[in-house]
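Report on the following structure.
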Amino acid sequence: MSELEKNYRFEDEMKWYKLWEKEGFFRPEVNPDGESYCIVTPPPNVTGSLHMGHALNATLQDILIRWKRMHGYRALWLPGTDHAGIATQNVVERELTGKGIDRHTLGREEFIRKVWQWKGEYGERIINQLKRLGASCDWSRQRFTLDEGLSEAVREVFVRLFQDGLIYRDLRLINWCPRCHTALSDLEVEHEDLEGKLIYIRYPMSDGTGYIVVATTRPETIPGDSAVAVHPEDSRYKDFIGKRIKLPLTRREVPIITDEMVDPKFGTGAVKVTPAHDFNDEAMARRQTPNLPFIPVIAEDGTMIDTAGKKYAGLDRYECRKKVIEDLKELDLIEKEQKHVHSIGHCYRCKTIIEPFSTVQWYVNTKGLAEDAIKAVRDKRIHIIPEGWSNSYYAWMENIRDWCISRQIWWGHQIPVWYCPYCRTEEGQHHGDLIYISFHKSLNVGGDSIQAGTYTELRLRGLAPEDIMKNANTVKIDKSVTPICSRQEPGECPFCGSKELLRDPDVLDTWFSSALWPFSTLGWPENTEDIETFYPTNVLITGFDILFFWVARMIMMGLKFMDDVPFRDVYIHALVRDLKGQKMSKSKGNVIDPLVLIDKYGADAFRFTLTAFAAQGRDIKFSEERVEGYKNFINKLWNASRFINTNIVGEEALPSNGNSWREDLDTPGRWILSRLAKTSDDINTALTEYRFNDAATAIYQFIWHEFCDWYIELSKPVIYNNTNNDALRRTTLKCLLYILESSLRLLHPFMPFVTEEVWQTIPHKGETIMLSPFPHYKERDIEAEEKMSYIMEAG
RNA sequence: GGGCGGAUAGCUCAAUUGGGAGAGCGCAGCCCUUACAAGGCUGAGGUCACAGGUUCGAUCCCUGUUCCGCCUACCA
């Protein structure tokens, strides 16, 4: 037992972490006979570094897992990272661009190799930051969503959903990011109100009887119009219905149609219909008989294509808009322009404005899955805490739309589907004629320069299958081409036996693999002991921002493939904001780096601050002053320990729970034991109900204001033997030590480092505080509490 | 457009069954008392957003209003 220094040195925190990890204390095997308790962590992106949200999230999980572990549970906190398809691809691409390298010149295989290399270099950063925070995860079980095992789970799930008819391909408008060059799901689009212009344009009648005025925010898509629509009941346009107009900037004529969806009160009550670039218009087009034609005018990269008119082809969509407005003005077809605020969708990864785009994509039919997932929450097989979020959950689930899962990027789980170019469709067309490939740059074949073509054409021109796929930039496979879905690469076409198969180039939405996380990480589809022991997991702790992205989908997939919920409780924690309540963001420059705070105040003080702030259902406005305050709290505890340590001078062994020493205590002693019991009870109850802040407040109040301010102060006369009562002196020392040691254990889940440090310097039982029992004392001494309250009030 | 949450001391926030309004920081005053000045003690400071209603009694329950934040939506 060494003399404690006057100030606690939090700088040495990590020496304990290293010991814990080395000794295997984080593994559930330390309590082999305990009841199982499991948390799987929300996997952070490999590209990420620890932000306040992660820190809060990890702190709360660590508190629960340490608490349960001390209660003797076979506690597993399973960590890992997410490959984060689009985000990671963007990061690596940006880095390559900095070196003047385009991923297309590298090719798919080489690019993926680069990403893995990048992951090897930087992927552990956030893991190390979690360790710095004190996270007691079982790192021996750490997983990555692109692991072989997890990839197998992904393939298994895809194939089974496909066989069940719950996965299908379809041609329809999707959210397309022209910068990331991929489809996005509805959730991956962030809407933001932007001020634009509502432009009133005259569309001349074909019969020369005048014109109809339509209001639009997107004049650049006029060449893609298939109609003008009015409300069927709109008397202003009664005589126009069925007539045709001359579409400005083109030579085409389009009809005036009716549709219930048109709002007569908006604009002029007449709206241009552009099925290929607007979701509403797509719906309208499909309601018409025959369907209105889809005329795309914008390319994958957001530039205009030939159908937009020679003059505009190649222009960016927003440059084109300006140009079109100028031209319409020149033609005197603009009646007026009006400022107009409306909500515009942006890519959640790169913030580019999304473009509705007609493509063939893979979808999951979610309706049935969602119904089961709704039931699980309604039947209380899953508890969402705070309960208010369950309303959001129901609202979203009840209106769920099919989930677009294919992404036109390279980093991710490639879809386990192949196509045979030599089979025919039901209509008798060759598949090879329905697969269209364009190359990133022209290929030279026997002096010919080839830029694009159908698969059949490219083969006829002498290109080998490998060359075609390796150099492909975009691959468009018609909806009617029969997919061959398989867990392993099929050696040959099951229909015609051809050995020349094309693999679907798309990868799956990152959230597809995350949805399997609670069971794929435990070893599924193998039937492992971990699955048996730890599924369903006990609680999922996460922010509300991924309630739909992730939580809802885990519930759907868990129910579907494990036939049981993935977790019993979902605890939704707050968002960490800055002092003014603003969301932290790099662009606003208000980001507080958790690592900076940890270096400045220590992980314990930082964790405790987050915990004390973590009231249910309320966002956190983070203030650094609080961290300072809890650093002082640590010092308080440290010095209380110093006081006790110097006075027991090694002569006292740790008194055990039920000893007769208690009977010799004076009123303050009986009182503090009773208060300790109440505090332990309060903390256990609070943690059971996920009231983290109440638990933190309880231990803080007890240690500082009851133990230090009152009991230690009252014990001094006794300790210094002013009372000439040796027996009482010894009992009081016992009591001081007992309370201190119990307090450390109560505090350990919140402040793992300082508690271990102090615990090791005082008499204790066991190897580490993190495996010592968590106090749960129930016996109160009401008489002593009442007596003491008189003393305290007399002050 | 629909839904949800918040408004309590100068600042950041607590208060789970309707009866006593609290903490941290900050502020004022007094204390270097042998664990801790990163501390101790004392104190000031709030018609618990506003207006009604229910009740013996409302920060808490109900209605409406204002302001703020968020989620969601097919606002051309």
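Reminder, nothing fancy here: chain letters follow the sequence lines and each chain counts from 1.
Per the geometry, CG belonging to A:Asp281 stands 12 Å off P belonging to B:rC75, to the nearest Å. Rounding to whole angstrom units, CE of residue A:Met284 and P of B:rC75 are separated by 11 Å. The CD-C1' distance, from A:Glu192 to B:rC75, rounds to 16 Å in whole Å. Atom C1' of nucleotide B:rA76 and atom NZ of A:Lys197 are separated by 18 Å, given to the nearest angstrom. Here the P atom of nucleotide B:rU33 and the OH atom of A:Tyr720 are 12 Å apart, to the nearest Å. We find that CG of A:Leu637 is positioned 14 Å from P of B:rG39, with the value rounded to whole Å. When rounded to the nearest whole Å, the span between CG of A:Asp545 and C1' of B:rC4 equals 16 Å. Atom CD1 in A:Ile572 sits roughly 14 Å away from atom C1' in B:rC70 (whole-Å rounding).
The residue A:Glu713 sits close to a base: some heavy atom pair falls under 4.0 Å. Heavy atoms of A:Val214 sit nowhere under 4.0 angstrom from any nucleic acid atom. Contact annotation for A:Asp709: backbone-only contact, meaning every heavy-atom pair under 4.0 Å involves sugar-phosphate atoms and none involves a base. When heavy atoms are screened at a 4.0 angstrom cut-off, A:Phe279 is found touching no nucleic acid atom at all. Across all strands shown, A:Ser392 has no heavy atoms under 4.0 Å from either base or sugar-phosphate atoms. Base engagement by A:Asn635 is indicated by at least one non-hydrogen atom pair under 4.0 Å involving a base atom. Within 4.0 Å (heavy atoms only), A:Ala395 reaches no atom of the nucleic acid at all. In this structure, A:Asp278 reaches neither bases nor backbone, as no heavy-atom distance under 4.0 Å exists between it and the strands shown. If you check every strand for non-hydrogen atoms under 4.0 Å, A:Ala640 touches a base.
If you check the side chains of A:Tyr348 and A:Glu190, you find no donor sitting under 3.5 Å from an acceptor. A:Arg642 and A:Asn639 are linked by a side-chain donor-acceptor pair at a separation below 3.5 angstrom, with hydrogens and angles left out of the test.
Using atom C1' as the reference point in both B:rU17 and B:rA73, the two lie 38 Å apart (nearest Å). With P as the reference atom, B:rG19 and B:rU66 are 31 Å apart, rounded to whole Å. Distance check on atom C1': B:rA28 versus B:rA9 gives 15 Å, rounded to whole Å. Comparing B:rU47 with B:rG10, their P atoms sit 8 Å apart, to the nearest whole Å. Comparing B:rG46 with B:rA23, their P atoms sit 15 Å apart, to the nearest whole Å. Using atom P as the reference point in both B:rA76 and B:rG1, the two lie 15 Å apart (nearest Å). Across the C1' atoms, B:rC68 and B:rU54 are found 29 Å apart, a figure rounded to whole Å. Nucleotides B:rG57 and B:rU42 place their P atoms 37 Å apart, quoted to the nearest Å.
No donor-acceptor pair closer than 3.5 Å links the side chain of A:Arg202 to the backbone N or O of A:Val213. Remark: the backbone N or O of A:Glu282 is not paired with any side-chain donor or acceptor of A:Arg172 at under 3.5 angstrom. Looking only at distances, no side-chain donor or acceptor of A:His191 sits under 3.5 Å from a matching main-chain atom of A:Val189.
Interatomic distance, CD of A:Glu337 versus CD1 of A:Ile201, reported as 9.0 Å (0.5 Å rounding). The distance from the CD atom of A:Glu355 to the NE2 atom of A:His277 is 6.0 Å, given to the nearest 0.5 Å. For the atom pair A:Arg349 CZ and A:Leu184 CG, the distance stands at 10.0 Å (nearest 0.5 Å).
Relative to the side chain of A:Ser343, the nucleotides B:rC75, B:rU12, B:rU16 differ in distance, and B:rC75 lies closest. Looking at the side chain of A:Phe544, the nearest of the listed nucleotides B:rG40, B:rA76, B:rC70 is B:rC70. Of the candidate nucleotides B:rA76, B:rU34, B:rU16, B:rA76 has the atom nearest to the side chain of A:Val262. Comparing B:rC75, B:rC71, B:rU34 by their nearest atom to the side chain of A:Phe548 picks out B:rC71. Among B:rA76, B:rU16, B:rC36, the nucleotide with an atom closest to any side-chain atom of A:Glu689 is B:rU16.
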Note to self: I'd like to compare against my own output: the B/S/- annotation of nucleotides 23-32 of chain B with a strict under-4.0 Å heavy-atom distance to protein.
What the structure shows: SSS-------
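Dashed line: the shortest gap from a side-chain N or O of A:Lys636 to OP1 or OP2 of B:rG40 is under 4.0 Å. Phosphate contact (OP1/OP2 of B:rA76, side-chain N/O of A:His342, threshold under 4.0 Å): present.
In this structure, A:Thr217 and A:Asp186 both approach RNA chain B, and ranking their closest nucleotides by distance from the 5' end singles out A:Asp186.
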Next item on the list: Toss me the dot-bracket line for RNA chain B: Watson-Crick and G-U wobble, both under 3.5 Å, 5' to 3', using | for pairs to another strand and [ ] for crossers.
Entry: (((((((..((((........)))).(((((.......))))).....(((((.......))))))))))))....
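The list of salt bridge (Lys or Arg N to Asp or Glu O under 4.0 Å) pairs with a residue in residues 256-269 of chain A, not counting sequence neighbours, reads A:Asp259-A:Arg287. Residue pairs meeting the salt bridge (Lys or Arg N to Asp or Glu O under 4.0 Å) criterion with at least one partner in residues 679-688 of chain A, sequence neighbours excluded, are A:Lys678-A:Asp682. The stretch residues 389-401 of chain A participates, sequence neighbours left out, in these salt bridge (Lys or Arg N to Asp or Glu O under 4.0 Å) pairs: A:Asp186-A:Arg401, A:Arg378-A:Glu398.
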Residues 694-701 of chain A, side-chain donor-acceptor partners within the protein, below 3.5 Å, at least two apart:
| from | atom 1 | to | atom 2 | distance (Å) |
| --- | --- | --- | --- | --- |
| A:Asp694 | OD2 | A:Arg691 | NH1 | 2.7 |
| A:Thr697 | OG1 | A:Asn693 | O | 2.7 |

